[in-house]
Amino acid sequence: MARILITSALPYINGVKHLGNLVGSQLPADVYARYMRARGHEVMFICATDEHGTPAELAAARAGKPVAEYCAEMHAVQKRLADGFGLSFDHFGRSSSARNHALTQHMARRLGEAGLIEVRTERQVYSVADGRFLPDRYIEGTCPNCGFERARGDQCEMCTKQLDPTDLINPRSAISGSTDLEVRETRHLYLRQSLLRDRLEAWIDSKTDWPVLTTSIARKWLRDGDGLQDRGITRDLEWGVPAQFPGAPWSGMEGKVFYVWFDAPIEYIAATAEWADAHGHPDAAWQRWWREDLGAGDVRYVQFMGKDNVPFHTLSFPATLMGANHDGTEPWKLVDYIKSFNWLTYEGGKFSTSQGRGVFMDQALEILPSDCWRWWLLANAPESGDADFTWTSFQSALNRDLADVLGNFVSRVTKFCSARFGEAVPAGGAWTEAEHGLARALDQRLAAYGALMEAMEIRKSAAELRAIWALGNEYLQAAAPWSAFKTDRDRAACIIRVALNLVRLNAVLSAPFIPATAQRILSALGCPDAGWPGAAAEALAALPPGSAFRVPENLFEKLSDARRAELEARFAGG
RNA sequence: GGGCCCGUAGCUCAACGGUCAGAGCAGACCGCUCAUAACGGUUUGGUUGCAGGUUCGAAUCCUGCCGGGCCUACCA
């Protein structure tokens, strides 16, 4: 039995996430976690809301609420949606938790003691009307290069020129529109990650099995220009982890908080501590996942994220953990494998909150059960390149894969048995070559499925799973119990007994992808407790003759053309 | 500007130096009738974006070009 630590990128707090966000980290992480648990491994699956930063403060202001209250509410919303999608986090924490405050400050102090933090004075744009410093992209003005009037302070979207906010002509606050801006001096803490450049590069180089997408982004940052740049890790904001605290090896940081990207990854650790607290466990319970000197030596740590998160997870966060262990007394667990994803687009374009374009998590659950979404999203996860959500593709996956191939198989087997033998696994008959052939085919596919799941090949795993579902229909067609029943009742009983067991096996194997449906099947079969199969021949005999079942309601309702067209129109945005 | 990824059957993708380039969907034909008119089988369909090069052999490696996407460090 292995011990596997899994973290999914933290969803940002300022609103409900769309399907692309879901499939970019949390959903595939969930599949992996469920699979590993099913294989009997000890799993710790952690996620949390990422609650700090300028957008959170602005969203709270727009909602007319104190930011703490806003975040608490949005956390509850995201928690409810995560539950709705069956995301099986061991803990869904909050980056604003007391645990994260303490741990972030602890890490910062350790980095300070290691000489990896320095105070720098810089000049930033301050908006008097908004009462806050403005990040570059929150300043708008006319592009000095092309004359575009709504250029952002970091870059002009029209001519793509990189800008400095002070380059803009007629600059104004993107928040309030105020032109009452001034450049003020402010002091910030910088993480001197450039000092760790060589160690980070050696560490990245040692990860020969990582996806190209992951390592190429990391190398780009390590080598681009003058190499890895130091990074400001504080901001002039109200809401966050205070950068000045008792024991801090610096002064003058009053009124400032740590940068959201500094404290967010630390929340992976803090959320595990939150988990321990919630279950009344001592610190040792979470430390054995995160500290190599306290039991994490045999942990395999896997992170799931969208490609935009890669620089922070391959460089800044490892630099933080390496630096915090400068004297060898705090060996924090570094990530062993990073699974990164491309983007999901919507009908050929981008998801857009402002335009109401694309499907968001709350809307999805109102339309159809979570497993329908899980299945399409996972079977089409953006692994090798961006993937595109279309209603046509979604309809096909739902109607063909789920309703016809899987759902109808369960239906035809249970109904046939119910009508001919009653609602219990029938006895009689012995295996023939047809059953042995089925078992051999299953063994092969099971091995392939397992290998793909171990490798986190999500799409390929889904395709293999679908092929396993199809084996049931092929077997029934070849064995034809409806014919056998007329001449050889025992033969038909044997076929249906095997088929009912295959229904059970399908439920077990499908659980990582469509957990709710798997549970419905298993409970209909009266065996909610189902272990991962070994040899197919044994798995096909797990339900003994006489064991009672009931015919479940149809597992999946199909999506009609009319309904599809209606949904297409509803979410087209614009 | 620089960097990275992608471009394979009508559609979505697989194959990552080696038997006729595969699968699902869509299309055609045949079969079955237990089942959500569901299922099974057969089959049509590709000068692998373009042009060169390396190699006994290239979708796969190299060069250039065309097209699409992403990143480029104060959004997260």
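Convention: sequence-line order gives letters A, B, ...; per-chain numbering from 1. Everything numeric in this text was worked out from a predicted model, so none of it was measured.
Counting only heavy atoms from C-beta on, A:R400 has its side chain closest to B:A26 among B:C34, B:A76, B:A26. Closest contact between the side chain of A:L228 and the listed nucleotides B:A76, B:C75, B:A73 involves B:A73. When the nucleotides B:C32, B:A15, B:G41 are ranked by their closest atom to the side chain of A:W482, B:C32 comes out on top. Proximity note for A:T54 (side chain, C-beta onward) versus B:C74, B:C4, B:A76: the nearest is B:A76. Of the candidates B:C13, B:A38, B:C74, B:A38 carries the atom nearest the A:D404 side chain, counting heavy atoms from C-beta on. Proximity note for A:F416 (side chain, C-beta onward) versus B:C34, B:A14, B:U33: the nearest is B:C34. Comparing B:U33, B:C75, B:G40 by their closest approach to the side chain of A:S483 singles out B:U33. Comparing atom distances between the A:N408 side chain and each of B:A76, B:C34, B:U36 picks out B:U36 as nearest.
Within 4.0 Å (heavy atoms only), A:P481 reaches no atom of the nucleic acid at all. As judged by a 4.0 angstrom heavy-atom cut-off over every strand, A:Q229 is placed among the base-contacting residues. Across all strands, A:E557 comes closer than 4.0 Å to no nucleic acid atom at all (heavy-atom distances). Looking at heavy-atom distances under 4.0 Å, A:L555 makes contact with a base. Residue contacts shown for A:G227 include a base, since a base heavy atom lies under 4.0 Å away. Using a 4.0 Å heavy-atom distance criterion, A:F133 is classed as making no nucleic acid contact. Using a 4.0 Å heavy-atom cutoff across all strands shown, A:T390 reaches no nucleic acid atom at all. At a threshold of 4.0 angstrom between heavy atoms, the contacts of A:G232 with the nucleic acid are absent. A:F409 comes within 4.0 angstrom of nothing in the nucleic acid, heavy atoms only. Residue A:R219 is out of contact with every strand shown, counting any heavy-atom pair closer than 4.0 Å.
To the nearest whole angstrom, the two C1' atoms, one in B:G46 and one in B:G10, are 11 Å apart. Between B:U8 and B:C20, the two P atoms lie 23 Å apart (nearest whole Å). Here, B:U48 and B:A23 have their C1' atoms 16 Å apart, quoted to the whole Å. Taking atom P in both B:C29 and B:A21, the straight-line distance is 28 Å, to the nearest Å. Only the C1' atoms considered, B:G49 is 15 Å distant from B:A9, to the nearest whole Å.
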Identify each atom pair where a protein N or O and an N or O of nucleotides 66-71 of chain B are less than 3.5 Å apart, giving names and distance.
residue, atom, partner, partner atom, Å
B:G69, O2', A:D386, OD2, 2.8
B:C70, OP1, A:K350, NZ, 3.4

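A pairwise comparison of heavy atoms in A:V67 and A:A60 identifies CA-CB, 3.6 Å as the closest pair. Looking at every heavy atom in both residues, A:M74 comes nearest to A:G15 through CE-CA, 3.5 Å.
Between A:K460 and B:A23, a side-chain N or O to OP1/OP2 separation shorter than 4.0 Å is absent. Put simply, A:R466 has a side-chain N or O that comes within less than 4.0 Å of OP1 or OP2 on B:C25. Side-chain nitrogen and oxygen atoms of A:Y259 include at least one within less than 4.0 Å of the OP1 or OP2 phosphate oxygen of B:A76. In this structure, A:K558 reaches the B:A38 phosphate: one of its side-chain N or O atoms is under 4.0 Å from OP1 or OP2. Proximity of A:R412 to the phosphate of B:U33: no side-chain N or O atom is located under 4.0 Å from OP1 or OP2.
Between A:N380 and A:L476, the residue anchored nearer the 5' end of RNA chain B, judged by the nucleotide with its closest heavy atom, is A:N380.
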Take A:R123 and A:T186 through the side chain to side chain contact (heavy atoms under 4.5 Å, CB included) test and state the conclusion after the steps. CA-CA 6 Å; A:R123 296 163 64 80; A:T186 181; over 6 Å; no

In sequence, state the C-alpha distance, the side-chain angles, and the governing distance for A:L189 and A:F258, and then conclude on side chain to side chain contact (heavy atoms under 4.5 Å, CB included). CA-CA 9 Å; A:L189 300 180; A:F258 284 105; 4.0 Å; yes

Its dot-bracket string being built from Watson-Crick and G-U pairs below 3.5 Å, with | for another strand and [ ] for crossing, RNA chain B has the pattern (((((((..((((....[...)))).(((((.......))))).....(((((..]....))))))))))))....

